[in-house]
K.L.:
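Take a look at the following structure, please.
Per chain, numbering begins at 1; letters A, B, ... match sequence-line order. Computed over heavy atoms, backbone and side chain alike; hydrogens, waters and symmetry mates excluded. Please read these numbers as outputs of a predicted model, since none were measured by experiment.
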There are 2 protein chains.
Amino acid sequence: MNTRQEVLDFVHHGAERFLPHLSIDCAIFGYHDHELKTLLIRHHGQENWSLPGGYIGRHETLTEAAHRILAEKTQLTGLFLQQFYTFGDSATRMNNIKTEQTHNTTYSKVGVSLSPGHWLSERTLSIGYYALVDYLQVVVTPEFLVDEYCWLNVADIPQELVYDHNEIIQKALLTLRAHIFQQPIGYNLLRDKFTLPEIHSLYETILCKQIDRRNFRKKLLTLGLIRQLDEQKKIGPHRSPFLYEFDLENYSRALEDGSILTF
Amino acid sequence: MNTRQEVLDFVHHGAERFLPHLSIDCAIFGYHDHELKTLLIRHHGQENWSLPGGYIGRHETLTEAAHRILAEKTQLTGLFLQQFYTFGDSATRMNNIKTEQTHNTTYSKVGVSLSPGHWLSERTLSIGYYALVDYLQVVVTPEFLVDEYCWLNVADIPQELVYDHNEIIQKALLTLRAHIFQQPIGYNLLRDKFTLPEIHSLYETILCKQIDRRNFRKKLLTLGLIRQLDEQKKIGPHRSPFLYEFDLENYSRALEDGSILTF
DNA sequence: TTACAATGCGTAAATTCTACGCAATAAACT
DNA sequence: AGTTTATTGCGTAGAATTTACGCATTGTAA
């Protein structure tokens, strides 16, 4: 939503196009230079940051909605996107008093005040998704109601996000760390070809622990999850590292066999 | 809902008490004698079986709703209940044509025909939970609209459950099998004190594979997940097996340490 | 040239996993 | 009563895997 007119239409006719009581919130993880970052946005008039989110169109599947919302924020399609939990317990998801006030502040930018019965004021459960993106490829598009956005290191996320977004992002991180043992997480956070130090540092960053460089390489190669290429990355200081790529076929086969990664 | 009057009230005034567009479906797993069973119900007029389910009250949390629905079906409270996925993709969750017809057949028992705009006819996403119960403790209470219920071996579940319930139960099983390595699953399916053959058979049943009896015992004892008691179960033929109990403290400590069970 | 950091490769020790053997016990059978 | 048999508890050798390093190689910088 990039214009005042679009926002007004959304407020007044959104209930015809979207399902009420349900939203999607998306923890978008991007990796760069030993740091795992999340995309946060600040809506107009809000003091605190939010996760990017949106509503489910009445004629699109849940998965389609999640991808659309992700694409609206990052301009990227076909990304790795994983549903991890639906949130409907926290105080802010029960009584909509705070929600109403918060919403009202934002929508005052287009001169509307949401009545208590308005569809945007009602109790809303949120379906949480997390996405993995190449940090450098993302072009964030600010929307009409978004004052500010930022990529924040996951360690630096403030304690006071709006609603229950702190809970959502914590659960997303926990899920990501559990999934890293069972899915080619790096495939979506790195470029097609990557060096061993790059993927090694990625795993160390996500898991928040040190992993022996040499054993890490051995394990991924032995299981056939990555494949060493002939090319070397010439740029960079000191010795030129080889390039590697994921072997997705082997990866899925290993998953079926029940091979488990441990570090 | 046990009377015609309650059902009529639910149909006509349910939208005031429950959130539309959302339901909870529950895969209730019970274990007994080497077999993993699921509770299925058959609504009035339906040819196919369903998972037990219900709606979310406007003034209860999502978790409260799940426990209430479970208690309504099994008369048991405080059970292990785990949310695992929210379903909003399948054809039956997109167009509500089939849903309308199916619903209408059931509600014809109380003489109502649901109009297209009726809250029960609208598109509904379903939040999936799975529960683990002691099969023998459950007292299933048939409701007014339920013609029949049964405990069906998970291997014998028919291919034609209503809506996307086959998909839901498959995902529940997959999740259960993944969680068995990280949570004291047996704690909720067995009694407080159990014998080694009992828990061994439970794990074999859930994982659908044979596990060496002796290594299985060694692993659980070494990790401190179960504790051997002095008592022996005198009943039963042949040698009297010792009784064991879960060591929940050690269990949660092992989880934090990241110890992983493998069989 | 030399020092140094980054990268790739190997190996020995420690640990864990796996596949069994076997004794002890209690019921069933001759 | 003695024998057979199924069930349970416990141990152990060998295989496999994990872990902790050593070290040579390469490119950059002093």
K.L.:
Could you give the CG-to-C1' distance, from B:Leu220 to C:dC17, as a whole number of Å?
P.N.:
14 Å
K.L.:
For B:Ala71 and B:Thr77, which heavy atoms make the closest approach, and how far apart are they?
P.N.:
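Where B:Ala71 meets B:Thr77 most closely, the heavy atoms are CB-CG2, 4.2 Å.
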K.L.:
Going through the checks in order, is the salt bridge (charged side-chain N to carboxylate O under 4.0 Å, His left out) test met by B:Arg68 and B:Glu72?
P.N.:
CA-CA 6 Å; B:Arg68 173 183 52 76; B:Glu72 283 171 6; 3.0 Å; yes
K.L.:
Base, sugar-phosphate, or nothing for A:Thr195, non-hydrogen atoms under 4.0 angstrom?
P.N.:
nothing
K.L.:
Any chance CZ of B:Phe84 has more than 12 other-residue heavy atoms, nucleotides or ligands included, within less than 6.0 Å?
P.N.:
yes
K.L.:
I'd like to know if B:Arg93 pairs up with B:Asp25 as an ion pair, taking the criterion as any Lys NZ or Arg NE/NH1/NH2 lying under 4.0 Å from an Asp or Glu carboxylate oxygen.
P.N.:
yes
K.L.:
Give a yes or no on whether a donor-acceptor pair under 3.5 Å exists between the nucleobase atoms of C:dG8, that is its base, and the side chain of A:Arg214.
P.N.:
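Checked by distance alone, the answer is no.
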K.L.:
Should we count CZ of A:Arg191 as having more than 12 external heavy atoms under 6.0 Å?
P.N.:
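Not more than 12 within 6.0 Å, no.
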K.L.:
Among C:dG8, C:dC17, D:dG9, which nucleotide sits nearest the side chain of B:Thr262?
P.N.:
C:dC17
K.L.:
Specify the separation, in whole Å, of atom CZ of A:Arg213 and atom P of C:dA5.
P.N.:
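The distance from CZ of A:Arg213 to P of C:dA5 comes to 13 Å, rounded to the nearest Å.
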K.L.:
Is there a donor and acceptor pair closer than 3.5 Å between the side chain of B:Arg239 and the base of C:dT25?
P.N.:
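By the distance-only test, no, there is no pair.
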K.L.:
Would you kindly give the CZ-to-C1' distance between B:Phe216 and C:dC20, to the nearest whole Å?
P.N.:
19 Å
K.L.:
To the nearest angstrom, how far is A:Phe263 atom CZ from D:dT18 atom P?
P.N.:
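Nearest whole value for this atom pair: 10 Å.
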K.L.:
In whole angstroms, how far is the P atom of C:dG8 from the CG atom of A:Asp230?
P.N.:
13 Å
K.L.:
Among C:dC17, D:dG9, C:dG8, find the nucleotide with the atom closest to the side chain of A:Tyr244.
P.N.:
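The closest nucleotide is C:dG8.
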K.L.:
Between the base of C:dT11 and the side chain of A:Lys218, is there a donor-acceptor distance below 3.5 Å?
P.N.:
yes
K.L.:
Between C1' on C:dT7 and CG on A:Leu221, what's the gap in Å once rounded to a whole number?
P.N.:
14 Å
K.L.:
Taking CG from B:Asn215 and P from C:dG21, how many angstroms apart are they, rounded to a whole number?
P.N.:
13 Å
K.L.:
To the nearest angstrom, how far is A:Asp212 atom CG from C:dG10 atom P?
P.N.:
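Computing the A:Asp212:CG to C:dG10:P distance gives 15 Å.
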